[in-house]
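The structure appears right after this line, and notes come after that.
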Amino acid sequence: MANIELKELTKRGEDYSQWYQDLVVKADLAENSAVRGCMVIKPYGYAIWEKVQAQLDKMFKETGHVNAYFPLFIPKSFLSKEAEHVEGFAKECAVVTHHRLMKDPNGTGVVVDPSAKLEEELIVRPTSETIIWNTYRNWIRSYRDLPLLINQWANVVRWEMRTRLFLRTTEFLWQEGHTAHATKEEAEEEATRMLNVYAEFAEKYMAMPVVKGVKSANERFAGALDTFTIEALMQDGKALQSGTSHFLGQNFAKAFDVMFADKTGKMEHVWATSWGVSTRLMGALIMSHSDDNGLVLPPQLAPIQVVIVPIYKNEDQLAQITTKITPIINELKSLGISVKYDDSDNKKPGWKFAEYELKGVPVRLAMGGRDLENGTVEVVRRDTLCKETRSIENISQYIQDLLNEIQQNIYKKAFDYRTAHTITVDTYEEFKEKIEEGGFILAHWDGTTETELKIKEETKATIRCIPFDGDKTPGKCMVTGKPSAQRVLMARAY
RNA sequence: CGGGGUGUAGCGCAGCCCGGUUAGCGCAUCUGCUUUGGGAGCAGAGGGUCGAAGGUUCGAAUCCUUUCACCCCGACCA
């Protein structure tokens with residue numbers, strides 16, 4: 001049958017990168033747009049993103065944050081106020097130079113009207129620290145105005161050389177938190193708190209284990225004193241930075257002259273953090289769990305948690321099945337489970353089975369003539385593809401439990417994969433050999449940027465982070481033999 | 001920015017080297033009948049500025065020139 005090939009995925013083992021791209025497109029998550037490097041997020045993909053947003057937003061609010069919105073455009077002069085910051089982003093900024101088009105005097109199209117040149121160019125935000133800190137200057141007067149805990153959901157633009165759907169696009173969606181504090185300690189606590197929020201979200205909702213840690217100086221955010229990160233391991237053995245939280249010190253307060261009067265009336269610069277996760281999380285989600293049959297979604301983030309497929313020979317039988325299944329649908333919904341009953345008659349059951357597997361729906365129920373006679377339903381779980389036929393007695397409760405089990409199982413699978421692909425090495429020779437196999441490598445490093453760059457140059461591996469948890473035994477750098485305070489996490493990364 | 005590739009129906013492609021009826025195939029769509037427990041079958045129908053602009057020619061999807069766009073692999077980055 002020719003159309004079997006229609007949605008056939010490239011196998012992970014054959015070409016992981018191609019598998020990923022196929023999956024994103026065929027599962028209807030996103031597609032490339034007419035604009036270079038920019039994607040269209042399709043309704044199914046966006047529905048997942050909305051679930052990500054909803055949960056994170058809830059967690060931000062529970063930790064005391066409120067949402068606001070700042071402009072898309074940043075005056076060029078703002079960006080240059082913090083030296084390291086502009087250094088870090090200058091090469092990838094989209095710049096608005098004019099505000100009007102006109103009919104092409106020599107042709108049929110439109111051209112930029114040269115008389116509409118802007119006095120000062122506007123930068124399409126690559127991140128909003130500068131415009132936000134320029135605004136905070138007017139909002140902060142006294143210690144009573146602090147802490148200021150604001151988040152925004154927005155799009156940003158970074159003109160990257162090479163893009164990949166969700167993992168790196170020219171425009172992407174994200175949230176960026178920007179907080180202001182009276183003391184260094186408070187700001188550091190905030191940065192850590194938000195990193196923990198990200199880690200909790202990744203592990204509990206995305207079912208994706210992460211390593212929390214601090215970035216090396218070389219990998220730090222432009223303008224930060226410290227960058228904290230959560231690092232995840234994808235199924236091809238590459239690391240993916242999945243969220244970052246920055247302790248910005250007083251850099252931006254000084255650059256934008258944001259001061260407050262403390263309790264004694266003394267003027268001080270405020271302390272800052274910023275933190276963000278992006279639609280890149282979608283890429284992380286896809287690559288953490290999915291298989292050669294398609295997407296595998298954690299129940300917590302699946303737009304459709306249960307799909308029900310009736311198998312019928314005629315209208316009458318469909319009506320009987322619908323009658324039988326309706327109370328179950330209602331029960332599931334009352335348990336807060338999202339259900340889709342697919343009784344469309346233009347696709348056969350087999351087609352639907354394959355389609356919902358491709359889309360990663362965690363649980364599928366099928367009911368046909370046999371089930372009608374026996375009072376049963378077929379239950380298939382997406383993570384293991386195991387099938388069983390069960391009585392419809394208490395089926396709703398069973399499914400609710402099953403969803404929880406799937407959530408835990410895919411976390412465990414990802415966790416076990418990571419454990420199996422995290423190794424410790426002590427010599428640079430061994431490191432060079434093992435890095436070819438992918439995975440996380442824990443090794444000693446002397447703490448210098450020179451050594452880090454040498455490793456990157458020679459092996460394409462980077463220091464993902466200096467982990468917070470785990471073995472803190474000192475040792476000797478695998479490259480230089482100099483003292484090392486603890487092992488660092490290394491990998492090739494996206 | 002370097003290397004490679006692709007633009008032909010909604011999607012996926014063939015045709016191009018070697019110019020020549022009305023540009024073809026699969027999927028999808030629409031109609032009808034039969035089907036429905038793992039991507040249905042038969043019959044019929046609709047759907048094209050062949051990426052764009054110039055040129056060569058009696059004649060261009062095909063040859064030449066220019067150009068635009070997108071994708072993939074690197075270097076840079078979340």
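Computed from a prediction, not measured in an experiment: that's the story for all the values here. All chains are named by letter (A, B, ...) in the order of the sequence lines, taking the proteins before the strands, and each is independently numbered beginning at 1. In what follows, every heavy atom counts, from backbone to side chain, and hydrogens, waters and symmetry copies are set aside.
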**Request:** With P as the reference atom in both, quote the distance from B/C72 to B/C33 in angstrom, rounded to an integer.
**Result:** 46 Å
**Prompt:** With nearest nucleotides of RNA chain B determined for A/T170 and A/D345 from heavy-atom distances, which residue corresponds to the more 5′ nucleotide?
**Reply:** A/D345
**Asked** So does A/K456 get a side-chain nitrogen or oxygen closer than 4.0 Å to the phosphate oxygens (OP1/OP2) of B/C77?
**Response** yes
**Message:** Checking base pairs now: Watson-Crick or wobble, both atom distances under 3.5 Å. What partners B/A14?
**Reply:** none
**side-chain N/O A/K347 vs B/U29 OP1/OP2, d < 4.0 Å** = yes
**Complete:** Judged by nearest nucleotide, the residue sitting upstream toward the 5' end of RNA chain B, A/G37 or A/M161, is A/G37
**Item:** Pairwise P distance for B/G46 and B/G39, with rounding to whole Å
**Value:** 31 Å
**Prompt:** side-chain contact (heavy atoms from CB on, under 4.5 Å) with A/E452: which of A/N218, A/T462, A/V479?
**Reply:** A/N218
**Item:** Which nucleotide in B/G39, B/A28, B/A78 has an atom nearest any side-chain atom of A/W351
**Value:** B/G39
**Request:** Could you check how far CD of A/E160 sits from P of B/A75, rounded to whole Å?
**Result:** 14 Å
**Request:** Nearest whole angstrom, please: distance from the C1' of B/G5 to the CD of A/Q18.
**Result:** 13 Å
**Asked** How are the rings of A/Y205 and A/F201 set to each other: parallel, tilted or perpendicular (split at 30° and 60°)?
**Response** parallel
**Message:** Has A/R464 got a side-chain atom pairing as donor or acceptor with A/A232's backbone, closer than 3.5 angstrom?
**Reply:** no
**Complete:** To the nearest angstrom, the NZ-P distance between A/K26 and B/G10 comes to 20 Å
**Item:** Rounded P spacing from B/C58 to B/U66 in Å
**Value:** 24 Å
**Message:** Using a distance-only criterion (donor-acceptor N/O pair, under 3.5 Å, no hydrogens), is the base of B/G38 paired with the side chain of A/E355?
**Reply:** no
**Message:** Counting the atoms with a prime plus P, OP1 and OP2 as sugar-phosphate, which does A/T127 contact under 4.0 Å by heavy atoms, base, sugar-phosphate, or nothing?
**Reply:** nothing
**Prompt:** Heavy atoms under 4.0 Å, any strand shown: does A/L240 hit a base, just sugar-phosphate, or nothing?
**Reply:** nothing
**Prompt:** Where does the angle between the aromatic ring planes of A/F221 and A/H246 fall among parallel (under 30°), tilted (30 to 60°) and perpendicular (over 60°)?
**Reply:** parallel
**Request:** If the plane angle is over 60° it's perpendicular, under 30° parallel, otherwise tilted; pick one for A/Y16 and A/W19.
**Result:** tilted
**Request:** Would you indicate, yes or no, if B/G37 has its OP1 or OP2 atom less than 4.0 angstrom from a side-chain nitrogen or oxygen of A/K352?
**Result:** no
**Request:** Could you tell me whether A/T169 contacts a base, only the sugar-phosphate backbone, or nothing, with contacts defined as non-hydrogen atoms closer than 4.0 Å?
**Result:** base
**Item:** Identified pairing partner of B/G2, criterion: Watson-Crick or G-U wobble below 3.5 Å
**Value:** B/C73
**Message:** Could you tell me how far apart A/E357 (CD) and B/G37 (C1') are, to the nearest whole angstrom?
**Reply:** 14 Å
**Asked** Rounding to a whole Å, what distance do you find between A/E31:CD and B/C71:P?
**Response** 12 Å
**Item:** Whole-Å P distance, B/C18 and B/U22
**Value:** 24 Å
**Message:** Does a side-chain N or O of A/Q21 approach OP1 or OP2 of B/C72 to a distance below 4.0 Å, or not?
**Reply:** yes
**Request:** Look at A/S242 and B/A78 and indicate whether a side-chain polar atom (N or O) is within less than 4.0 Å of OP1 or OP2.
**Result:** no
**Message:** Quick check with a 6.0 Å cut-off and a 45 degree axis cone: is A/R280 positioned over the face of A/F172's six-membered ring?
**Reply:** no
**Prompt:** Which listed nucleotide (B/C72, B/U29, B/A78) is nearest to the side chain of A/R158?
**Reply:** B/A78
**Request:** Could you check which nucleotide pairs with B/U67 in any of the strands shown, counting Watson-Crick or G-U wobble with both distances under 3.5 Å?
**Result:** B/G51
**Request:** Provide the distance between the two P atoms, one in B/G51 and one in B/U8, to the nearest whole Å.
**Result:** 6 Å
**Prompt:** Taking atom CG of A/L318 and atom OG1 of A/T323, what is their separation to the nearest 0.5 Å?
**Reply:** 9.0 Å
**Asked** A/K460 has a side chain; which of B/A75, B/C76, B/G37 sits nearest to it?
**Response** B/A75
**Request:** Please state how far atom CD in A/Q317 lies from atom C1' in B/G37, giving the value in whole angstrom units.
**Result:** 11 Å
**Asked** Any idea which of B/G37, B/A78, B/C76 is nearest the A/K91 side chain?
**Response** B/C76
**Request:** Provide the distance between the two P atoms, one in B/G55 and one in B/G3, to the nearest whole Å.
**Result:** 31 Å
**Asked** Which nucleotide, B/C71, B/U29, B/G37, lies nearest any side-chain atom of A/N32?
**Response** B/C71
**A/R492 side chain vs A/K238 backbone, donor-acceptor pair below 3.5 Å** = no
**Item:** Per A/K348 side chain, nearest of listed nucleotides B/U36, B/G38, B/C76
**Value:** B/U36
**Side chain of A/F353 (C-beta onward), nearest among B/A28, B/G38, B/A78** = B/G38
**Request:** Using a 4.0 Å heavy-atom cut-off across all strands, classify A/F172 as base, sugar-phosphate, or nothing.
**Result:** base
**Prompt:** How long is the line joining CG of A/N374 and P of B/G37, in whole Å?
**Reply:** 17 Å
**Euclidean distance, atom CZ of residue A/R168 to atom P of B/C73 [Å, nearest integer]** = 12 Å
**Request:** Report yes if a donor N or O on one partner sits less than 3.5 Å from an acceptor N or O on the other, where the partners are the side chain of A/R162 and the base of B/G2; otherwise report no.
**Result:** no
**Asked** Looking only at atom C1', what distance separates B/G19 and B/G59, rounded to whole Å?
**Response** 8 Å
**Asked** From the list B/G38, B/C71, B/G37, which nucleotide is the closest neighbour of the side chain of A/A354?
**Response** B/G38
**Prompt:** With both distances under 3.5 Å as the test, what is the Watson-Crick or G-U wobble partner of B/A9?
**Reply:** none
**Prompt:** Going by the angle between their ring planes, with limits at 30° and 60°, are A/F78 and A/F256 parallel, tilted or perpendicular?
**Reply:** perpendicular
**Prompt:** With a 4.0 Å cut-off on heavy atoms, is A/G369 in touch with a base, just the backbone sugar-phosphate, or nothing at all?
**Reply:** base
**Item:** Separation of the P atoms in B/U21 and B/A40, to the nearest angstrom
**Value:** 39 Å
**Item:** Counter-base of B/U31, judged by Watson-Crick or G-U geometry with both distances under 3.5 Å
**Value:** B/A43
**Item:** Quiz item: A/K387 side-chain donor-acceptor pair to B/G37 base, under 3.5 Å
**Value:** no
